[in-house]
Amino acid sequence: MCYSGFRIAAYTKMETNLEEWYFKGGVKTKSSKNRIVPIHPAIQEITSDRYRENGQNLLGMRIQTFRIKMSRKLEVLGIDKHTPHDCRHTFSMLCERYNVHENDRKRMLGHSFGNDITNQKYGHRTVDDLRSEIKKIKACY
């Protein structure tokens, strides 16, 4: 989640394209639904493994079960309490830290461009354009 910016619910039903390495989906708002986010190289292996094991539900379990397991794992690791939504904050922070274009950061997070007609109507980005931007993020391990 920290390398894609999707909400946890999106991982239960989004399209995962392992040939062109991108996710397509999203939940909640018009801007966030059906968006495309390239799969960062740091998570390609785990993504393909999870897809082979679980198909479209990359979590491989119910959302509440994932939340409980995540909480327990963080506790075992001695890491302060976090939620899956915190991963969206991490993704946004990583985009900022590694100078991902602000417009592409908004696109990948599924944020609206609001009154910014230029980007809303004329900002045409390809998967390869977004891939170049997401690859700026260095692996954290």
Side-chain angles (χ1 to χ4, degrees), residues 1-116 118-141:
M1 285 182 239
C2 294
Y3 286 100
S4 73
F6 279 99
R7 291 175 175 85
I8 187 171
Y11 286 95
T12 64
K13 54 189 167 213
M14 69 181 166
E15 177 186 337
T16 304
N17 186 314
L18 298 178
E19 291 178 18
E20 296 185 45
W21 293 107
Y22 66 78
F23 297 121
K24 182 178 181 183
V27 295
K28 194 173 175 185
T29 68
K30 181 182 175 186
S31 299
S32 64
K33 292 179 181 176
N34 294 314
R35 70 184 189 274
I36 290 177
V37 177
I39 300 172
H40 191 281
I43 63 167
Q44 287 181 348
E45 185 176 343
I46 192 170
T47 300
S48 61
D49 289 348
R50 283 184 168 264
Y51 187 79
R52 275 195 298 279
E53 291 171 19
N54 306 307
Q56 199 171 8
N57 182 352
L58 292 178
L59 288 180
M61 60 192 79
R62 292 180 29 243
I63 292 170
Q64 190 57 32
T65 304
F66 184 89
R67 288 179 185 279
I68 292 166
K69 287 185 173 204
M70 178 180 171
S71 182
R72 287 181 183 155
K73 187 62 158 181
L74 292 174
E75 187 177 331
V76 167
L77 295 171
I79 298 173
D80 291 339
K81 185 169 175 62
H82 287 282
T83 67
H85 190 78
D86 291 338
C87 297
R88 281 177 57 81
H89 291 264
T90 300
F91 179 74
S92 182
M93 179 271 304
L94 289 171
C95 286
E96 189 173 359
R97 177 179 292 163
Y98 291 106
N99 300 310
V100 170
H101 289 123
E102 183 69 17
N103 295 338
D104 292 330
R105 175 178 164 201
K106 285 181 180 181
R107 271 184 194 88
M108 290 188 282
L109 281 164
H111 289 168
S112 165
F113 285 109
N115 291 328
D116 183 351
T118 305
N119 282 300
Q120 187 178 40
K121 297 287 182 190
Y122 304 105
H124 306 290
R125 302 290 278 162
T126 66
V127 176
D128 287 334
D129 293 333
L130 295 175
R131 185 173 291 109
S132 293
E133 289 300 304
I134 207 167
K135 281 183 171 180
K136 291 179 180 178
I137 298 172
K138 305 295 181 229
C140 297
Y141 58 89

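Worth knowing before you read on, the calculation uses all heavy atoms, side chains too, and leaves out hydrogens, waters and symmetry mates. Every value quoted in this text rests on a predicted model; they were computed, and no experiment measured them.
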Rounded to the nearest 0.5 Å, how far does [atom2] of [Y] lie from [atom1] of [X]?
X      : Y      : atom1 : atom2 : result
Met70  : Thr83  : CE    : OG1   : 6.5 Å
Met93  : Cys87  : CE    : SG    : 10.5 Å
Arg107 : Glu102 : CZ    : CD    : 11.0 Å
Trp21  : Gln44  : CH2   : CD    : 4.5 Å
Thr16  : Arg52  : OG1   : CZ    : 12.5 Å
Ile39  : Thr47  : CD1   : OG1   : 5.0 Å

What is the minimum heavy-atom distance between [X] and [Y], and which atoms define it?
X      : Y     : result
Lys81  : Ser71 : NZ-OG, 3.9 Å
Leu59  : Met1  : CD2-CE, 4.3 Å
Ser4   : Phe91 : N-CD1, 3.5 Å
Ala9   : Val27 : CB-CG2, 4.2 Å
Ile134 : His40 : O-CD2, 3.2 Å
Lys136 : Asn99 : NZ-O, 3.0 Å

Looking at [Y], is its backbone amide N or carbonyl O close enough to the side chain of [X] to form a donor-acceptor pair, meaning the two atoms are under 3.5 Å apart?
X      : Y      : answer
Arg131 : Glu20  : yes
Arg88  : His85  : no
Arg7   : Gly26  : no
Arg50  : Leu58  : yes
Thr12  : Asn57  : no
Glu133 : His101 : yes

May I ask you to test the Thr90-His82 pair for a side-chain heavy-atom distance under 4.5 Å?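 No, their side chains stay 4.5 Å or more apart.
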Any non-hydrogen side-chain atom of Tyr3 less than 4.5 Å from a side-chain atom of Pro41? no
Should the pair Phe23 and Tyr11 be assigned to parallel (<30°), tilted (30 to 60°) or perpendicular (>60°) ring geometry? perpendicular
What do the steps show when you test Ser132 against Asp129 for side chain to side chain donor-acceptor pair (under 3.5 Å), and what is the final call? CA-CA 5 Å; Ser132 293; Asp129 293 333; 6.0 Å; no
Does CD belonging to Glu75 count more than 12 external heavy atoms closer than 6.0 Å?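 Not buried by this count: 12 neighbours or fewer within 6.0 Å.
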CD1/Ile46: more than 12 non-hydrogen atoms of other groups inside 6.0 Å: no
Please step through side chain to side chain contact (heavy atoms under 4.5 Å, CB included) for the pair Leu109 and Ser92, ending with a clear verdict. CA-CA 8 Å; Leu109 281 164; Ser92 182; 3.8 Å; yes
Walk me through whether Asn103 and Arg125 qualify under side chain to side chain contact (heavy atoms under 4.5 Å, CB included). CA-CA 10 Å; Asn103 295 338; Arg125 302 290 278 162; over 6 Å; no
If the test is side chain to side chain contact (heavy atoms under 4.5 Å, CB included), which one of Glu15, Met14, Lys33 qualifies with Lys24?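 With Lys24 as partner, Glu15, Met14, Lys33 yield a single side chain to side chain contact (heavy atoms under 4.5 Å, CB included), made by Glu15.
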